[in-house]
Amino acid sequence: MTTAFITHTDCLKHVTPDGHPEQVARLQAVLKRFEAPEFDALDRHEAPLAEKSHILRVHPEAYYDKVEAAEPATGWTQLDADTHMSNGSFRAGLLAAGANIEAVDLVASGQADNAFCAIRPPGHHAETSTSMGFCLFGSVVVGAKHALEEYGYDRVAIVDFDVHHGNGTQDLVWNDDRIFFASTHQMPLYPGSGAAHETGASGNVMNIPLQANADGAALQAAFNNSILPALDHFKPDMIFISAGFDAHYADPLANLNFTEDDFVWATHALAKAAKRLCGGRLVSTLEGGYDLEALAASTAAHVKILMEYSA
Ligand SMILES: [Zn+2]
């Protein structure tokens, strides 16, 4: 079978001000990398727009309406210290969430073994009623709730190896014992949350903060000692990855020292867990990653492993 690759060129129409790290060029660099012949076997899909009802599973209508109304005709609206909207940003946000809907549909129906969503804006900092950290909607949680509501799954898991804590995902799943959320991240670092004692209403959240300059050994320890055993215990019916690549040593926004090989290792570990626990069902979504070369190379390395598991 296949690895699905879901994207939309209108995710490039979400434009941030000059010098902003979450820039159009990020997704351009990723999409350019996936033009290589080694990715010919991908099953490519254009992301659909998430329906309003999909978003309202995780955000209140007042927040959805606020984001929609904030979009400017020209120039920028600044929603918070870090998050800007241009004309086209609202649509890009719906496409990012819609990519996750499509990925879940393809994988849950057996049309694809696993899927990668190459989208922006990212989503894991968006809280219930608050944009944050370049994020408008909690796209991965939109996908997770879709899997639970539409496919009769009892439990799903989200693993986030972006260098920043997935505070938004944590906020959105805190009271939902059907969703297990695990995050590795540098601490202290933006957004400041993600201490080990933040464990969710039912112990469904696991935070593993890493010290500055930690390398792949720390990632492997976090996975082997904590995250992988927790996944085995939780027995998810589908695994989601919030795949940020800003823990790469070249990234300008943080200070972890992961390499492409470390992302490969983590992808193997999660794909193996998916094979072991849930028929290989795995949906991965791009979050951060701000060094364009490292981002493109790490994303490519990540997806190549997904393709190995769908061969
Ligand atoms: Zn990040």
Side-chain angles (χ1 to χ4, degrees), residues 11 14 16 19-27 29-30 79-84 92-93 96-97 100 116-127 130-141 158-173 181-195 198 205 207-216 218-219 222 227 240-260 262-263 266-267 270 284-299 301-302:
C11 288
H14 165 56
T16 50
H20 195 288
E22 205 294 279
Q23 55 183 315
V24 171
R26 294 180 61 242
L27 184 57
V30 169
L79 296 179
D80 56 66
D82 305 301
T83 314
H84 297 73
N100 268 270
F116 182 75
C117 302
I119 50 82
R120 59 183 286 282
H124 73 151
H125 293 306
E127 296 189 345
T130 316
S131 66
M132 252 181 89
F134 323 152
C135 301
L136 299 178
F137 300 120
S139 300
V140 173
V141 185
I158 302 170
V159 178
D160 182 334
F161 56 63
D162 187 282
V163 78
H164 303 98
H165 178 234
N167 62 294
T169 303
Q170 171 169 301
D171 183 52
L172 296 172
V173 311
F181 174 58
S183 176
T184 57
H185 43 270
Q186 183 183 333
M187 199 171 189
L189 186 70
Y190 181 90
S193 52
E198 298 167 27
V205 170
N207 283 302
I208 305 182
L210 305 175
Q211 293 185 340
N213 300 314
D215 61 14
L219 177 72
I227 293 175
F240 293 77
I241 305 177
S242 264
F245 298 103
D246 40 9
H248 193 284
Y249 68 86
D251 197 274
L253 294 197
N255 306 99
L256 292 190
N257 287 327
F258 294 3
T259 65
E260 283 111 77
D262 295 318
F263 295 120
T267 310
L270 294 172
S284 179
T285 298
L286 184 63
E287 297 279 4
Y290 303 98
D291 179 87
L292 299 182
E293 203 169 303
L295 169 66
S298 300
T299 306
H302 173 67

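Residue indices begin at 1 and follow the sequence shown. A quick note: this is a predicted structure, and the numbers were derived from the prediction, not measured. As the structure lists them, so they are numbered: ligands from 1, and atoms in each ligand from 1.
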Proximal heteroatom of D246 relative to the Zn ion (ligand 1) (N/O/S): OD2
Atom of D162 nearest the Zn ion (ligand 1) (restricted to N/O/S, atom name only): OD1
N, O or S of H164 under 2.8 Å from the Zn ion (ligand 1): yes
H20 side-chain N/O to D82 backbone N/O, donor-acceptor pair under 3.5 Å: yes
Passing candidate, ring pair (Phe, Tyr, Trp, His ring centres under 6.0 Å) with F161, options F258, F263, F240: F263
Under 3.5 Å donor-acceptor, N257 side chain and N213 backbone: yes
Using residues 163-170 as the side-chain source, report each donor-acceptor pair under 3.5 Å to any protein atom, sequence neighbours left out, with the distance given to one decimal.
unit_1, atom_1, unit_2, atom_2, d
H164, ND1, D162, OD1, 3.2
H164, ND1, D246, OD2, 3.1
H165, ND1, S193, OG, 2.7
H165, ND1, G194, N, 3.3
H165, NE2, Q170, OE1, 3.0
H165, NE2, N207, OD1, 2.8
N167, OD1, H125, ND1, 2.6
N167, ND2, H125, O, 3.3
N167, ND2, E127, OE2, 2.9
Q170, OE1, N207, ND2, 2.8
Q170, NE2, E198, OE1, 2.9

